[in-house]
There are 2 protein chains.
Amino acid sequence: MLELAILGFLYDHSLHGYELRKRITALTGHVRPVAESTLYPAIKRLERAGLLARETQPGAVAAPRHVLSLTHAGRSELRHRLTEPARTDITDENRWFTVLAFLRHLDDPRAQAAVLRRRLDFLEEPASFFYDGDRPLRAEELDDPFRQGVLTIARATSRAELTWLRKTLAALD
Amino acid sequence: MLELAILGFLYDHSLHGYELRKRITALTGHVRPVAESTLYPAIKRLERAGLLARETQPGAVAAPRHVLSLTHAGRSELRHRLTEPARTDITDENRWFTVLAFLRHLDDPRAQAAVLRRRLDFLEEPASFFYDGDRPLRAEELDDPFRQGVLTIARATSRAELTWLRKTLAALD
DNA sequence: CCGTAATACATCGAAGGCGATGTACAGTCT
DNA sequence: AGACTGTACATCGCCTTCGATGTATTACGG
């Protein structure tokens with residue numbers, strides 16, 4: 001997910017690590033902050049994999065900046081990761097939001113629609129959090145107000161997202 | 001989060017690992033499946049830490065079952081983790097839902113309310129996903145339909161949860 | 001003049017999660 | 001008879017993440 005965010009932000013502009021970190025923090029940081037000791041090794045990995053290149057610039061303010069840009073392989077890697085997200089990229093909201101944040105980088109509307117449809121299928125699967133054996137329990141059946149809350153919130157999210165997904169899928173056709 | 005779920009489920013009943021896994025899968029598995037190779041080492045950790053005990057039973061169907069139960073230290077550890085959740089337990093929805101699923105195990109309504117209030121404070125912080133410099137962008141200002149979706153969905157979730165939080169906090173007083 | 005914050009990068013070791021793989025038995029399907 | 005699925009547990013090694021720590025410079029407030 002971190003790698004996806006790095007590739008996604010660099011797809012538009014070359015950025016140095018520190019700036020990249022600020023953007024990633026704005027995107028997902030209020031939920032899960034990104035430590036520097038996670039970001040810099042991730043950049044190195046992507047660099048070693050040939051997905052991004054760095055160019056050292058004299059430091060404008062402090063230490064020299066390493067301006068990062070995607071290589072051709074990096075650009076196609078991003079498109080690939082967006083076209084065929086892993087299962088958890090679809091199901092985990094944090095990861096899904098990251099996919100959505102960069103999905104515009106796919107230029108084929110049908111590929112974009114296919115990704116949205118995978119999320120739609122997932123949300124339409126009958127799934128609950130609490131079960132009586134195999135039977136999913138509805139909020140009304142729970143005597144626990146906190147578990148009721150989980151179902152209430154999840155249901156509201158799901159409904160809002162389904163509405164948005166159907167509207168956006170219709171617009172993509 | 002996994003450890004919290006283990007402690008939470010065992011607080012009510014003793015369970016063997018395989019059954020525990022099914023319950024955890026029901027709770028969070030549709031979003032993030034739990035691998036067996038994650039669960040069993042986690043059980044071992046908690047056991048080594050003196051938080052749970054195992055009792056071997058002859059296998060009803062297959063291999064012998066290890067029935068797990070919380071020790072006294074395990075029970076107070078759960079209450080402690082629920083009373084003072086880490087920052088990401090509050091901000092990350094996956095973790096937050098796990099906290100909510102077991103919050104009833106605190107018997108002091110004021111302690112429960114304090115946890116809900118931390119989530120309330122977090123949701124009331126002005127936070128966005130996309131910024132123009134320091135200024136958070138509203139959904140209407142984005143020309144990207146997918147990023148609009150992120151904001152739309154996040155806002156709907158937030159509103160539903162705020163309503164529920166305020167209602168539940170009022171009931172707890 | 002000194003402390004602190006911000007800019008900008010980097011490494012190390014510990015811990016956690018995961019896929020792959022293994023063991024063993026019982027029931028079911030072909 | 002053999003394959004496969006479900007029950008039930010376990011280990012190994014890889015990878016990612018993270019807190020702690022370090023280095024160096026500029027800017028600002030007291």
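The analysis underlying the following values was restricted to heavy atoms, covering all of them including side chains, and did not include hydrogens, waters or symmetry mates. Chain A is the first sequence line, chain B the second, and so forth, proteins listed ahead of strands; every chain is numbered from 1.
- One can place CZ of B:R48 at 13 Å from C1' of D:dT11, the figure rounded to the nearest angstrom.
- Among the nucleotides D:dT7, D:dA10, C:dT7, the one closest to the side chain of B:Y18 is D:dT7.
- Donor-acceptor pairing under 3.5 Å, judged by distance alone, is absent between the side chain of A:E36 and the base of D:dC18.
- Note on B:R23 versus B:D12: no salt bridge recorded, every NZ/NE/NH1/NH2 to OD/OE distance being 4.0 Å or above.
- Here the P atom of nucleotide C:dT7 and the CG atom of A:L20 are 15 Å apart, to the nearest Å.
- Under 3.5 Å, the side chains of A:Y11 and A:R79 contain a donor-acceptor pair of N or O atoms.
- The CG-P distance, from A:L15 to C:dC9, rounds to 11 Å in whole Å.
- Nearest to the side chain of B:R65, among C:dG19, C:dC9, D:dC9, sits D:dC9.
- In this structure, CD1 of A:I43 is placed 7 Å from P of C:dC9, rounded to the nearest angstrom.
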Stepwise, does the salt bridge (Lys or Arg N to Asp or Glu O under 4.0 Å) test hold for B:E124 with B:R166? CA-CA 12 Å; B:E124 281 174 342; B:R166 294 198 180 106; 2.9 Å; yes
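- For the pair A:R147 and B:F102, the cation sits on the ring face: its NZ or CZ lies under 6.0 Å from the ring centre, inside 45° of the axis.
- Put simply, B:R54 has a side-chain N or O that comes within less than 4.0 Å of OP1 or OP2 on D:dA10.
- Using a 4.0 Å cut-off, no side-chain N or O of A:K22 falls inside it from OP1 or OP2 of C:dA8.
- One interatomic measurement links the two molecules: CG of B:L39 to C1' of D:dA10, which rounds to 12 Å at whole-angstrom precision.
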Please step through salt bridge (Lys or Arg N to Asp or Glu O under 4.0 Å) for the pair B:R65 and B:E19, ending with a clear verdict. CA-CA 10 Å; B:R65 291 171 165 181; B:E19 176 62 26; over 6 Å; no
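- The side chain of A:Y40 contributes an N or O atom lying less than 4.0 Å from OP1 or OP2 of C:dC9.
- Put simply, CD1 on A:I24 is 12 Å from P on D:dC18, counting in whole angstrom units.
- Taken residue by residue, residues 82-100 of chain A places no heavy atom nearer than 4.0 Å to DNA chain C.
- The two atoms that bring B:L2 and B:A42 nearest to each other are CD2-CB, 3.7 Å, heavy atoms only.
- The side chain of A:H66 sits closest to C:dC9 out of D:dT16, D:dT11, C:dC9.
- Atom P of nucleotide C:dC18 and atom CE of A:M1 are separated by 14 Å, given to the nearest angstrom.
- B:F122 and A:H30 have parallel rings, their planes meeting at less than 30° on a 0 to 90° scale where 60° marks the start of perpendicular.
- Taken from CD1 in B:I153 to CZ in B:F129, the straight-line distance is 9.5 Å, to the nearest 0.5 Å.
- Between B:H16 and D:dT7, a side-chain N or O to OP1/OP2 separation shorter than 4.0 Å is absent.
- The distance from atom CD of A:E47 to atom C1' of C:dC9 is 13 Å, rounded to the nearest whole Å.
- Between the side chain of A:S37 and the base of D:dG19, a donor-acceptor pair under 3.5 Å is found.
- In this structure, B:R45 reaches the sugar-phosphate backbone alone: every heavy-atom distance under 4.0 Å involves primed, P, OP1 or OP2 atoms, never a base.
- The side chain of A:A35 sits closest to D:dC18 out of D:dC18, C:dA10, C:dG19.
- Of the candidate nucleotides C:dG17, D:dT17, C:dT11, C:dT11 has the atom lying nearest to any side-chain atom of A:K44.
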